[in-house]
Amino acid sequence: MKIASAPLSNPALHAVVLTQDNMSIPADLDASFNGALSALVADEKFKAAAGSSLTVRSLGKMGAQWVGLFGAGTGDANGARLAAGAASTFARKKGLTTLDINFQGGGKAHAEAIGEGIVAGNYRYDRYLPEARRTAALESFAVHGLDAPESDLLTGLTLGQARSLARDLINDPPDDIYPETLAQAATQLGTDRLQVDVWDHDRLKTAGMVGTTAVGQGSDRKPRFVHMTYTPAGESKGNIALVGKGVTFDAGGLSIKPSGGMITMKCDMGGAAAVIGVMSAVEKLGLNVTVHGIFGAAENMLAGNSYKLGDVLTFNNGTTVEIHNTDAEGRLVLADCLCYVGKMDEVTHVVDLATLTGAAVVAVGEKYTALYSNDDDFAGELLAQAKAAGEGSWHMPLEESYNELLKSDIADIKNVGGRSAGSITAGLFLQNFVAKGKIWAHLDIAGPAFLSSPQKHLEKGGAGPQVVTLLNWLRSI
Ligand code: BES
Ligand code: MN
Ligand code: ZN
């Protein structure tokens, strides 16, 4: 997808973005339809709500094949994103390959949101669909009326493409994406500035990554550990670690899931996918912070050698964990990664992302990431970035007294806390592996990682949450 170098005179779709305070259709456009467009607006009670649309075939009345009015609500950057996303979604549905957007007003934030929204709205996972069920993707677009340079639109494209990479990795079937191939997706990103280190099973064993190897031991696909390091060209303004849960398929292990709960479990590497998505864009965006992208990858399966209930694992920070449920596996993989980050003295902030608990889905649904942090200011920062990116995040409490629920008779803790506050006790579990002095946030993306129905301009399936939010946070440092 490209930004058209010259204005598109005869685009497949000509989109006019309206806001609730400025509903005026350009006079020449309305005149081409002899006033029928403004009549239609009144007739359909079109109020320019963000993401709403009115589309018509031009039937030769103008060069464009289709004309659409798209609502941006109040006209803020989030409204612009939804309008652009709706236009792009419509284009994809009809297989329209060129798009021309008229958006009056708005600067940098609007341009980035529009670029990003166009990519997100146009995304389809069609790798395995027959030709007859595919539609053409957008090839080029132009945006008029913005008070921002084209480079801001390009930034938006980069953000959108980072998210699309995460979506592809989530949507790909579990027999395509297993620990080795998930690691390869990271390796492919390697450059001079982005070093990628992949550990194989032997190295995991020697390094005492007991959580990842235990979870992965019932699978024929051996686990991996990945550490990507981005070093900025100029002076580095910070040192950040992102950590992802990369369970490429979660059958639940011996605590097997019922089929209904297993069907979407290819999405259980959504945290690692987000980390890979972010890392794919750090160099293009010229970030001036050092970023570590880290994930553990394992398949949680059932076999004669699966890890068992009652097993006790001793993690690298000395914490012992008694396994009470092999389906609470993500926290074990993350615990290894957090111990590893704990030894990286330069790192000040660590953010982990994980499709960690069904309880988070029950609590906040598919529109919110459950956000936990040991630092309220940092939580506030990530909430603000999520809001600006049009992503839902909700600040949840790390209620200390619930640590009681994690007590084990024979080890420091057990890996489950019982039915109540399941997403919180998962967060508390992780906190045991966060080194003193590090500012930490835990993003439980179990709901928004995989949509059971379309959400705004996002098709159902892998949604790549938090990629844009985190990239914008990193850009702001
Ligand atoms: N991967 C699941 C969590 C999940 C559920 C992600 C639904 C996306 C959608 C996780 O590994 C899991 O199975 N968690 C258990 C924890 C329980 C055993 C304490 C759960 O949520 O049931
Ligand atoms: Mn599980
Ligand atoms: Zn899982």
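All values below were derived from every heavy atom in this structure, side-chain atoms included, with hydrogens, water molecules and symmetry-related copies excluded. Starting from 1, each residue takes its place in the sequence as its number. Ligands are counted one by one from 1 in listed order, and the atoms in each one are counted from 1 as well.
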Give the residue, atom name and distance (to 0.1 Å) of the protein heavy atom nearest atom 16 (C) of ligand 1. R331 NH2, 4.0 Å

Minimum-distance protein heavy atom relative to atom 19 (C) of ligand 1: V416 CG1, 3.4 Å

Where the Mn ion (ligand 2) is the centre, what is the OD1-to-OE1 angle for D327 and E329, rounded to 10°? 120°

Could you check, using the six-membered ring where one of them is a Trp, whether Y340 and H227 have ring centers closer than 6.0 angstrom? yes

Distance to 0.1 Å, residue and atom name: give those for the protein heavy atom nearest to atom 18 (C) of ligand 1. N325 ND2, 3.4 Å

Nearest N/O/S atom of D268 with respect to the Zn ion (ligand 3), by atom name, please. OD2

Would one find an N, O or S atom of A354, in either backbone or side chain, under 2.8 Å from the Zn ion (ligand 3)? no

What N/O/S atom of D250 is the closest to the Zn ion (ligand 3)? OD2

Taking the six-membered ring for Trp, are the ring centroids of Y178 and F249 within less than 6.0 Å of each other? no

Any idea which N/O/S atom from E329 gets closest to the Zn ion (ligand 3)? OE2

Would you check if the side chain of Y230 reaches a backbone N or O of M279 as a donor-acceptor pair within less than 3.5 Å? no

Examine all N, O or S atoms of D327, backbone included, and report whether one is under 2.8 Å from the Zn ion (ligand 3). no

Strictly under 6.0 Å, is that where the ring centroids of F378 and W473 end up? yes

